[in-house]
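Some notes on the structure that comes next.
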Amino acid sequence: MTSRTLEMRRLTIARKLREVEAGNQEGRHTRWISTRDMPGSGIKTRLTSMKTHLREVHLNSSAEHAAFLELWWDQSVLTVFEQVMIPTQESRPAALEVSVDHPTYTVGGDPVILSTDLVAVIERDGKVSKTAHSVKSAKAYRRRGPSPRQKIEQRYWERQGHKFKIVIANGMHASRSKNLAWLLRCENDMADRTLTEEEGAAQRELVRRLRKRLDVVVLEACRKVDKALSLPPGSGARAFRQLATTRKIRFDLDAIDPIRLSVEEIAVKI
């Protein structure tokens with residue numbers, strides 16, 4: 001919990017509570033803490049995805065960014081909500097049950113309104129459930145372990161009948177996180193539009209080449225797609241990205257540079 005959170009003013013708290021209440025009445029999610037509330041504090045990201053119905057998502061750290069991408073890619077996750085507020089009338093009893101002091105605001109000493117970083121709605125075997133995720137950087141977690149706040153959050157969500165996980169992420173340094181971000185940007189580019197004839201032709205030709213293993217590396221296959229169809233440079237690489245985003249082809253997400261993988265490492269799913 002940052003000092004900026006602890007110093008939130010009463011008028012700001014009152015405004016935010018009204019916004020959350022209005023959102024609940026209208027059936028929409030209203031985050032408790034936005035990136036605007038924490039200027040200059042860490043690496044913040046705003047993004048959209050089809051999984052959140054193109055709603056703007058505010059992520060307050062690179063670790064949250066990496067954790068969100070994993071949830072986005074998980075096919076069992078229906079949607080994700082960020083910075084989900086926990087009412088103080090629920091968090092205070094939870095703090096007592098786990099024998100920790102509830103944090104208070106610096107000004108006024110009122111109990112801090114807590115929020116959980118990410119809450120995923122999941123469907124598995126026809127059953128829908130929620131899992132709350134408290135996200136921490138690997139370095140901070142190794143140094144301190146679970147915080148009193150996380151213990152309160154865990155107790156609250158378990159009392160609601162939902163699962164709670166502490167997610168440890170090494171920011172956006174991992175190749176997997178970078179590749180997922182690359183694919184998410186592609187999904188957003190394709191959102192609510194029909195692919196052009198050129199894009200469709202490039203995908204079909206690339207699938208043909210990959211399936212028949214006509215080339216050694218993906219980059220070579222992409223360039224030959226451009227040449228064979230007289231398409232602008234990069235069309236084949238864009239087709240590769242689109243096919244991977246829609247899971248029509250698959251590659252090792254831990255690869256440093258997917259476009260330079262050997263064709264043998266690409267699984268064609270159509």
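Since this is a predicted model, take the numbers as computed values, not measurements.
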(Q) Would you compute the distance between atom CD of E82 and atom CZ of F68 and round it to the nearest 0.5 angstrom? (A) 8.0 Å
(Q) Under a 4.0 Å threshold between the charged nitrogen and the carboxylate oxygen, would R209 count as salt-bridged to E205? (A) yes
(Q) I'd like to know if the side chain of D215 and the backbone of E220 have a donor-acceptor N/O pair within less than 3.5 Å. (A) no
Q: List the atom of A66, the atom of G171, and the distance in Å for their closest heavy-atom pair.
A: CB-O, 3.2 Å
**Q.** Main-chain N/O of I113 paired with Y105 side-chain donor or acceptor, under 3.5 Å
**A.** yes
Q | Atom pair CG/OG of D254 and S175 - distance to nearest 0.5 Å | A | 7.0 Å
(Q) Can you tell whether the side chains of E21 and R18 come within less than 4.0 Å, N to carboxylate O? (A) no
Q: Return yes if some donor-acceptor pair links the side-chain N/O of K16 with the main-chain N/O of W32 below 3.5 Å, else return no.
A: yes
Q. Considering residues at least two apart in sequence or located in another chain, which fulfil the ring pair (Phe, Tyr, Trp, His ring centres under 6.0 Å) criterion with F81?
A. H29
Q: Grab the two heavy atoms, one from I33 and one from S115, that are nearest each other, plus how far apart they are.
A: CG1-OG, 4.2 Å
Q | Any donor-acceptor N or O pair under 3.5 Å, side chains H65, S177 | A | no
Q) Between E70 and R176, is there a side-chain N and carboxylate O pair less than 4.0 Å apart? A) yes
Q: Using a strict cut-off of less than 4.0 Å between a Lys/Arg side-chain nitrogen and an Asp/Glu carboxylate oxygen, indicate whether E97 and R159 qualify as a salt bridge.
A: yes
Q: Count the heavy atoms of every other residue, nucleotide or ligand shown that sit under 6.0 Å from CZ of R46, and state whether that count exceeds 12.
A: yes
Q | Residue pairs passing the ring pair (Phe, Tyr, Trp, His ring centres under 6.0 Å) test where at least one lies in residues 188-242, sequence neighbours excluded | A | F240-F251
**Q.** Shortest non-hydrogen separation from T35 to L59 and the atoms involved
**A.** CG2-O, 3.8 Å
Q.
Tell me the closest heavy-atom pair linking N179 and A255, and the distance in Å.
A. ND2-O, 2.9 Å
Q. In this structure, are over 12 heavy atoms from other groups packed under 6.0 Å from R223 atom CZ?
A. no
Q. Would the number of heavy atoms belonging to other residues, nucleotides or ligands and lying under 6.0 Å from CD of Q89 be above 12?
A. yes
Q. Taking atom types as modelled, is there a side-chain donor on E158 or Q154 under 3.5 Å from an acceptor on the other?
A. yes
Q. Do R247 side-chain atoms and A244 backbone N/O form a donor-acceptor pair below 3.5 Å?
A. no
Q) Could you give the distance from OG (S91) to CG (L96), rounded to the nearest 0.5 Å? A) 10.0 Å
Q) If you draw a 6.0 Å radius around NZ in K224, do more than 12 non-hydrogen atoms from other residues or ligands fall strictly inside? A) yes
Q: Could you tell me whether the side chain of I122 reaches within less than 4.5 Å of the side chain of R124, counting heavy atoms only?
A: yes
(Q) Applying salt bridge (charged side-chain N to carboxylate O under 4.0 Å, His left out) to D226 and R238, what does each step give before you reach the verdict? (A) CA-CA 10 Å; D226 297 346; R238 180 174 60 189; over 6 Å; no
Q.
Any donor-acceptor pair under 3.5 Å linking the side-chain atoms of Q83 with those of E64?
A. yes
Q: Take atom CZ of R15 as the centre, draw a 6.0 Å sphere, and report whether it contains more than 12 heavy atoms from other residues, nucleotides or ligands.
A: yes
Q.
Whether the side chain of R241 engages the backbone of W182 through a donor-acceptor N/O pair (distance < 3.5 Å, no angle test) should be reported.
A. yes
**Q.** K51 (side chain) donor-acceptor with W72 (main chain) under 3.5 angstrom
**A.** yes
Q) Checking D125 side chain against K127 main chain: does a donor-acceptor pair fall under 3.5 Å? A) no
Q: Please check if the side chain of T246 supplies one atom and the backbone of Q242 the other of a donor-acceptor pair under 3.5 Å.
A: yes
Q. Judged by atom type as modelled, is there a donor-acceptor pair below 3.5 Å linking the side chain of R55 to the main-chain atoms of S49?
A. no
Q | Donor + acceptor pair across side chains of T245, E187 (<3.5 Å) | A | no
Q. Would a distance-only check, ignoring hydrogens and angles, find a side-chain to backbone donor-acceptor pair under 3.5 Å from H102 to V100?
A. no
Q. Is a salt bridge present between D117 and R31, judged by a nitrogen-to-oxygen distance below 4.0 Å?
A. no
Q: Please report the closest heavy-atom contact between L210 and A221, naming both atoms and the distance.
A: CD2-CB, 4.5 Å
(Q) Taking side chain to side chain contact (heavy atoms under 4.5 Å, CB included) as the criterion, tell me which of L206, V217, V218, D252 meets it with I266. (A) V218
Q: For Q150 and S134, test the side chains for any donor-to-acceptor distance below 3.5 angstrom and give the result as yes or no.
A: yes
Q: Can you see which heavy atom on G23 is nearest to which on T30, and at what distance?
A: CA-OG1, 3.6 Å
